[in-house]
Amino acid sequence: MRKVVVLGVGMTDFGRFPEIPFPKIGADAIIDALQNAGLEWKDILIMYCANTANGGCVGELVEAEIGHTGIPVINVDNACAGGQTTFLMAYQAVAGGTYDIALAIGVEQMPRGPLAGLQPTPENLMGIENMVSKYAMKMQRAIYEHRYTLNQMALVSVKNHKNGCYNPHSQYKLALTLEDVHNSRMISDPLTLYHCCPTGDGAATAILCTEEIARKHATPPFITVAGGALRSQTFVRGEANESRLISVNTANEAYEIAGIGPEDLDMVELHDNFTISELEHIVDLGLCEEDEVGRLMEEGAFDLTGRIPVSMSGGLLAKGHPTSATGVAQICELVWQMRGQAGQRQGKDPKVSLSHCCGGNFGMVCGVNILKK
Amino acid sequence: MSEKTPEREQIPVREGLFVLPSAPAEKPYLVGSKCRSCGEVAFPKRHHCRRCTSADLEDVTLSRTAKLHSFTTVRVKIPDAKVKSPFLVGFVELPEGERVRTLLTDCDAASLKIGDEMELVIDVVYQDESGTDVLGWKFKPVRERQ
């Protein structure tokens with residue numbers, strides 16, 4: 001397997017842009033990444049495009065917006081993990097020797113409102129299968145079992161919204177207090193608005209290449225892909241914990257491929273679609289134990305200045321969650337951080353970082369990619 | 001159980017999920033599937049076992065009572081859903097091990113507790129475009145008889 005360099009990254013702002021056609025949103029992210037990499041569109045040899053909401057052949061429509069070069073385009077719908085999927089596929093295309101330069105893009109333009117199940121079912125019609133009730137009940141059980149308090153979950157929102165204020169691409173730039181989170185609109189008891197990530201539009205792109213090509217366009221040290229993994233669901237009864245087991249399994253596989261453990265990580269971007277998710281996935285990724293994550297969150301261990309920063313970009317909660325764009329946007333953040341280009345979000349000299357997304361109706365797909373410098 | 005009015009037809013939200021009582025003294029029940037290979041019980045019925053992937057499944061009548069695992073009042077409008085917000089939804093745990101997501105009825109959230117004993121009812125969930133009652137499963141608290 002060849003060494004693979006992340007040569008360039010780029011993303012649009014995340015927000016609501018109904019007046020911009022989604023192919024243009026995608027093209028804008030690509031042009032940004034090409035400039036960042038010092039390449040031209042004709043240098044890209046293959047494109048992996050993640051999208052869920054905008055119909056067939058989204059990748060080809062994005063390509064048409066920039067110019068027809070005839071390259072192979074693969075379209076991926078892997079829900080919230082689409083971006084991690086395209087990044088992993090682009091990495092594997094270069095690592096395996098099939099392509100010297102590959103591009104991964106996630107682009108999304110979403111309808112408003114809470115997401116129901118992916119396929120309409122009797123349960124959808126009855127109103128009993130939807131994300132907001134599922135995560136509200138997760139929160140209720142976590143409190144009942146004395147795993148996390150409502151305050152600890154709200155703190156995730158406070159932290160990530162504060163980080164979002166320092167991110168020019170962030171959908172929200174709001175300095176929230178705990179009271180703001182508690183008093184925001186009740187979605188499904190006890191889940192209030194600021195416990196949830198927003199839906200929205202946006203795109204993010206990463207360009208990967210061989211070390212030989214990287215040396216022609218940039219100077220070392222390069223950011224390389226240490227390894228990545230993608231999984232679908234392993235059986236677990238009862239739905240409340242399915243996004244946890246798949247995250248544990250995918251992360252462990254990625255660690256093994258990368259030859260590292262969670263103790264080697266300097267910072268993490270993970271799937272904070274709801275506040276409770278960040279607490280759960282910090283544990284799932286092996287960063288700490290279940291019975292200490294709430295206390296560590298309170299102590300600031302995961303702040304920008306903490307022992308291991310989590311969601312430096314503002315996370316899904318503040319930065320936003322255009323479904324397929326999120327995974328690649330996480331990669332963008334890790335690359336900027338590792339280049340020392342993260343401005344006020346900058347964590348201390350990161351050398352190894354991890355990105356994690358977990359999506360689908362009930363945690364059906366999880367992608368983890370690890371970068372190192 | 002809801003009253004059947006002569007003018008309004010009633011249909012299940014989907015065939016095969018539950019059986020209505022055929023006599024006044026009987027009670028409804030949910031129909032699940034049980035894997036003959038590993039014993040895993042699922043509701044709704046499946047064609048393949050989600051635990052061991054076997055296709056050797058049989059229909060089973062599920063217990064009518066279950067323990068309340070979790071619940072929430074959904075306050076926002078849910079796309080696709082025909083029920084009007086706010087509505088009460090929860091998970092109940094059957095003795096067979098399966099966890100069923102369900103509407104909750106005949107109660108309010110303030111009086112419910114995790115662990116409460118709940119029992120199955122089949123009730124109108126919504127009316128479809130032609131005004132037909134669509135029936136679905138709900139659970140209500142088991143109340144002590146005086």
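Order of the sequence lines sets the chain letters (A, B, ...), proteins ahead of strands, with each chain counted from 1.
In the displayed structure, A:Tyr172 atom OH is contacted under 6.0 Å by at most 12 heavy atoms of other residues, nucleotides or ligands. Within 6.0 Å of atom CD in B:Glu58, more than 12 heavy atoms from other residues, nucleotides or ligands are found, so the atom counts as buried in its surroundings. Within 6.0 Å of CD on A:Glu289 lie no more than 12 heavy atoms contributed by other residues, nucleotides or ligands. Heavy-atom neighbours of A:Lys173 NZ from other residues, nucleotides or ligands within 6.0 Å: above the threshold of 12.
The greatest number of non-hydrogen atom pairs below 4.5 Å with chain A, out of B:Gly97, B:Gly136, B:Ala109, B:Ala42, is found for B:Gly97. Top candidate by heavy-atom pairs under 4.5 Å with chain A, chosen from B:Thr73, B:Leu103, B:Leu17, B:Thr102, is B:Thr73. For the set A:Met139, A:Gln140, A:Arg185, the entry with the most heavy-atom pairs within less than 4.5 Å of chain B is A:Gln140. Counting heavy-atom pairs closer than 4.5 Å to chain A, the top residue among B:Val100, B:Val134, B:Ile114 is B:Ile114.
For a residue to count as touching a neighbouring chain, one of its non-hydrogen atoms must lie under 4.5 Å from one of that chain's; by this rule B:Glu40 touches chain A with the side chain only. Proximity to chain A involves both the backbone and the side chain of B:Phe71, based on heavy atoms less than 4.5 angstrom apart.
Across B:Ile78, B:Thr72, B:Val76, B:Leu88, a single residue satisfies side chain to side chain contact (heavy atoms under 4.5 Å, CB included) together with A:Ser133, and that is B:Thr72.
One distance of note links CZ of B:Phe91 with NZ of A:Lys134; it measures 7.5 Å at 0.5 Å rounding. Within the model, atoms OG of B:Ser70 and CD1 of A:Ile143 stand 12.0 Å from one another, a figure rounded to the nearest 0.5 Å. Taking CZ of B:Arg50 as the start and CD of A:Gln233 as the end, the distance is 11.0 Å to the nearest 0.5 Å. From B:His69, atom NE2 reaches atom CE of A:Met137 across 9.0 Å, with rounding to the nearest 0.5 Å.
Heavy-atom minimum distance, B:Pro44 versus A:Glu123: CG-OE2, 3.2 Å. The two residues A:Met126 and B:Val83 have their closest heavy-atom pair at O-CG2, 3.4 Å. Listed here is the closest heavy atom pair of B:Ala81 and A:Gly127: CB-CA, 3.7 Å.
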(request) Could you check A:Ile128 against B:Trp137 for side-chain contact (heavy atoms from CB on, under 4.5 Å), going step by step and ending with a plain yes or no? (result) CA-CA 11 Å; A:Ile128 58 179; B:Trp137 66 92; 3.7 Å; yes
(message) Is there a side-chain contact (heavy atoms from CB on, under 4.5 Å) between B:Arg14 and A:Thr121? Walk through the geometry before answering.
(response) CA-CA 9 Å; B:Arg14 190 169 69 189; A:Thr121 61; 5.5 Å; no
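Checking side-chain atoms of B:Arg51 against main-chain N and O of A:Phe235 turns up no donor-acceptor pair under 3.5 Å.
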